[in-house]
Structure formats: C-alpha cells, structure tokens
Amino acid sequence: QVQLVESGGGWVQAGASLRLSCVVSGRTFRDLSLAWFRQAPGKEREFVAAIKRYGGATAYSDSVKSRFTISRDNSKSTLFLQMSNLKPEDTAVYYCAAGPGLITSTLRVGSAYDYWGQGTQVTVSS
C-alpha cells in the first residue's frame with residue numbers, strides 16, 4: 001500500500017518562506033515521478049511543480065517559477081517544496097502526488113498520478 005504523508009504547512013505572512021515535505025512509503029521511491037498540486041477554496045486543483053524519476057528534471061507553473069523549488073531525496077524517500085517570497089494567492093491545501101509512468105507531457109496533469117497525500121494547509125496573510 002502506497003502512502004504519501006505531507007508536512008510543513010502553516011500560517012505565515014507575505015514574503016516569508018516555508019518548506020513542505022512528503023514522505024513516500026510502499027513503493028520504490030526512485031521509480032516514481034513526483035509533484036505538488038494545490039487547491040484553494042472555491043477553486044480547482046492546480047499544478048505547482050513536478051520532478052521526474054531517473055534524473056530529476058523539473059517543471060513549474062508560471063505562478064511559482066523563481067519562487068518555489070522542488071527537490072527529492074531518494075535516500076530518505078522524501079519530496080520537498082521550498083517556497084519563498086510567499087504571497088496571499090499561494091494560500092491553499094498543498095498535495096503531493098506520485099506516479100511511476102509519467103512522461104514530460106503528463107507531469108502537469110493531475111489525473112496522470114496514481115497516488116496522493118492527504119494535503120497540508122498553507123495560509124499566507126497580507
């Protein structure tokens with residue numbers, strides 16, 4: 001059984017930084033492509049960032065590029081999202097997602113991922 005457990009969310013003021021973590025168990029971590037998605041109240045889930053298996057190529061949404069950094073530690077089966085210069089519009093529940101067979105063109109597509117975490121709340125006040 002594959003489990004993804006996020007942590008690191010919280011309440012911060014605009015301009016602050018947070019680092020989210022997602023620990024993955026039940027599947028060989030290095031074989032998984034991984035991503036972060038978020039969902040704000042009343043809005044659809046949106047892609048934030050992704051990192052491929054086997055080489056770690058990354059992709060970002062335009063809204064977070066240059067402020068967020070996705071990374072992975074295969075030795076600890078952990079995915080990270082370093083978020084800097086946070087803005088109120090970054091307020092959302094952040095979910096990590098994992099999938100074994102993603103190609104570059106599907107990294108931004110939520111339905112392409114097989115496994116999801118329960119989410120962690122990030123609230124940014126102005």
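In this structure, R38 and D90 approach most closely via the heavy-atom pair NH1-OD1, 2.9 Å. Considering every non-hydrogen atom in both A14 and P88, the closest pair reads CB-CD, 4.2 Å. Nearest approach of W11 to S125, heavy atoms of both residues: CZ2-OG, 3.2 Å. D73 and F29 make their closest contact through O-CE2, 3.8 Å (heavy atoms, listed as atom of the first residue, atom of the second, distance). What you find for P100 and L32 is that their closest heavy atoms are N-CD2, 3.9 Å. Residues K52 and L107 approach most closely at CG-CD1, 3.5 Å, considering heavy atoms.
Annotation: side-chain hydrogen bond (donor to acceptor under 3.5 Å, both in side chains) contacts of T106 (sequence neighbours excluded): none.
In this structure a side-chain-to-backbone donor-acceptor pair under 3.5 Å is present from Y60 to I70. Here the side chain of R30 pairs no donor or acceptor atom with the backbone of N74 at under 3.5 angstrom. Side chain of R108 to main chain of A59: no donor-acceptor pair is present (N/O by atom type, distance under 3.5 Å, no hydrogens or angles). Of the possible donor and acceptor atoms, none in the side chain of Q39 sits under 3.5 Å from a partner among the backbone N and O of A92. Not a single donor-acceptor pair under 3.5 Å links the side chain of E6 to the backbone N or O of C22.
Separating the NZ atom in K65 from the OG1 atom in T58 is a distance of 8.5 Å, to the nearest 0.5 Å. Separation of atoms CD (Q121) and OG1 (T91) is listed at 7.0 Å; rounding is to 0.5 Å. One distance of note links CG of D114 with CZ of R27; it measures 7.5 Å at 0.5 Å rounding. Once rounded to the nearest 0.5 Å, the distance linking CD1 of I51 with CG of L102 reads 13.0 Å. T120 contributes atom OG1, which lies 9.0 Å from atom CG of L18 (distance to the nearest 0.5 angstrom). For the atom pair OG (S25) and OH (Y115), the distance works out to 11.5 Å, reported to the nearest 0.5 Å.
Aromatic ring orientation, Y95 versus W116: perpendicular (interplanar angle above 60°, classes split at 30° and 60°). Ring-plane geometry between F47 and F37 is classed as perpendicular, the angle between the planes exceeding 60 degrees on a 0 to 90 degree scale with a lower cut at 30.
One hydrophobic cluster, built from ILVMFWY side chains closer than 4.5 Å, cannot hold both Y94 and Y113; they sit in different ones. In the hydrophobic clustering of this structure, V93 does not group with V23; members are Ile, Leu, Val, Met, Phe, Trp, Tyr whose side-chain heavy atoms approach within less than 4.5 Å, directly or through other members. L20 and V64 fall within a single hydrophobic cluster, where Ile, Leu, Val, Met, Phe, Trp and Tyr are joined by side-chain heavy atoms under 4.5 Å apart, directly or via other members.
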**Request:** Carefully, step by step, assess F68 and N85 under the rule side-chain contact (heavy atoms from CB on, under 4.5 Å).
**Result:** CA-CA 9 Å; F68 291 9; N85 190 22; over 6 Å; no
